[in-house]
Amino acid sequence: MKILVINAGSSSLKYQMIDMDNESVIAKGLVERIGTVDPKSNITHKYNGKKYEAEIDKLGDHNAAMELVLKLLTDKELGVISDLSEIGAVGHRVLHGGEKFTASCLIDDACIAAIEENIPLGPLHNPANLMGIRACQKVLPNVPQVAVFDTAFHQTMPPKAFRYGLPKHYYTDLHMRKYGFHGTSHRFIAGRATELLGEGKKVIVCHLGNGSSLSACVNGKCVDTTMGITPLDGLLMGTRCGTLDPACVEFIANTEGKSVSEVLNMMNKKSGLVGLTGSSDMRDVTARFDAGDPDAKLAIEMWTYTVQKYIGSYVAAMNGCDAIIFTAGIGENHIRARKWVCEGLSYFGIKIDDERNNVCGEERLISTDDSKIQVWVIPTNEELAIARDTLEIATKK
Ligand code: ADP
């Protein structure tokens, strides 16, 4: 069966068509500047080892974007299917499932209502995800659709890990708690770790990309994670500041005459690596570090220190650790970043083998044979995880 995976953002739509007979990606792409003030939209479409890029007349909404995607997928030259009936099911990435969704689910009216209910928790993403779902329902009315939530994997956390130390009604009435994100990636990696290491293991998954989060997993189930009610919490990221004293918000709002939303926008989009150095991309920051830029040096020190501190806290939280796993853009590809992190963890008996660590984007054990905690690189694949869930749910009798 061929499955279309959709990740709809407020002005973008990413897609992948996966042939589940051999789990291969047969086409993928990105539509940008949908319904924005820009006069044009953009499309990048990759198929059969080729790439088609174009600036096109402005697409007014996600319906128009979905129509374009389906047109490309079935195009005589650029397409990979001859007819829309070849699409067996559609899987949607949905950001916030709140406490309702502990797993992926078939999209029906009740599911849509629940995603709507969670809009206060994911005010930017959930409405965009719903636009993607509705656009697909319109153009593919008879194809089953599945929602895969970024938060679902973390729903196994115990209250001591997910509750905030706020007055109780903020949780009971407003559902304020730690939810965690990147759950599809953490689940994919934790599942693979169980296959590699066996059942019952304590594992720390380090999803280090532009957005970054760690999870502590016991026997494949999440017991803690670094992101909170929103993805702002936890590690220092490409554009997010991560954990800081919440009083900073009032301090900046008062001194600069900004609204709380403006401050949070700055903390989400202009902080972290980009705020400290002017670049959000770890490759650029590393190049500047190598050239002797003191801002880049400090940013890398802070980035590394934060990852180390959370790893240390999760070893304590689980009272032990069998493996640390690096994944996502930085985790899979940045050889020195993995070394920087692990060098500071020698107290735990962690030893990296430099030759094994000389790897990008490939699954490999990178610790020495006598390292007390194994260290692995495991490439993540959120789209494949979404497609696998979609296949399972859409074909369930
Ligand atoms: P996201 O999905 O959150 O947008 P990614 O997982 O794609 O992000 O990760 C992007 C990050 O990975 C960037 O900081 C980028 O610099 C880093 N990255 C990607 N490839 C490499 C590489 N070869 N070496 C070092 N860093 C890399």
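Both counts, for ligands and for their atoms, begin at 1 and track the order of listing. If you're wondering where the values come from, they're calculated on a predicted model, not measured in any experiment.
Geometrically, ligand 1 and Gly329 share a nitrogen or oxygen pair separated by less than 3.5 Å. Taking only nitrogen or oxygen atoms, main chain and side chain alike, Asp281 reaches within less than 3.5 Å of ligand 1. In terms of polar-atom proximity, Gly211 is counted as a contact of ligand 1, with an N or O under 3.5 Å from an N or O of the ligand. At least one N or O atom of Met282, backbone or side chain, sits closer than 3.5 Å to an N or O atom of ligand 1.
Summarising the hydrophobic clusters (Ile, Leu, Val, Met, Phe, Trp, Tyr; side-chain heavy atoms under 4.5 Å, direct or chained), the residues clustered with Phe251 are none.
Counting non-hydrogen atoms of other residues, nucleotides and ligands closer than 6.0 Å to NZ of Lys40 gives a total above 12. Other residues, nucleotides and ligands place more than 12 heavy atoms under 6.0 Å from the NZ atom of Lys202.
The minimum heavy-atom distance between Asn129 and Val94, with the atom names listed, is OD1-CA, 3.4 Å.
Using a 4.0 Å threshold on non-hydrogen atoms, atom 16 (O) of ligand 1 counts as touching the protein.
Atom 8 (O) of ligand 1 has its closest protein heavy atom at Asn210 N, 3.1 Å. Of all protein heavy atoms, the one closest to atom 23 (N) of ligand 1 is Asn333 CB, 3.4 Å. The shortest contact between atom 26 (N) of ligand 1 and any protein heavy atom is with Arg283 CG, 3.6 Å.
Cation-pi contact between Arg177 and Tyr179: present, with separation from the ring centre below 6.0 Å and deviation from the ring axis of at most 45°.
Among the candidates His182, His207, His154, the single residue satisfying the side chain to side chain donor-acceptor pair (under 3.5 Å) test with Ser213 is His182.
The contact set between ligand 1 and Ala328, taken as ligand atoms under 4.0 Å from a residue heavy atom, comprises 6 (O).
Between Asp369 and Arg356, at least one side-chain N (NZ, or NE/NH1/NH2) sits under 4.0 Å from a carboxylate O, which counts as a salt bridge.
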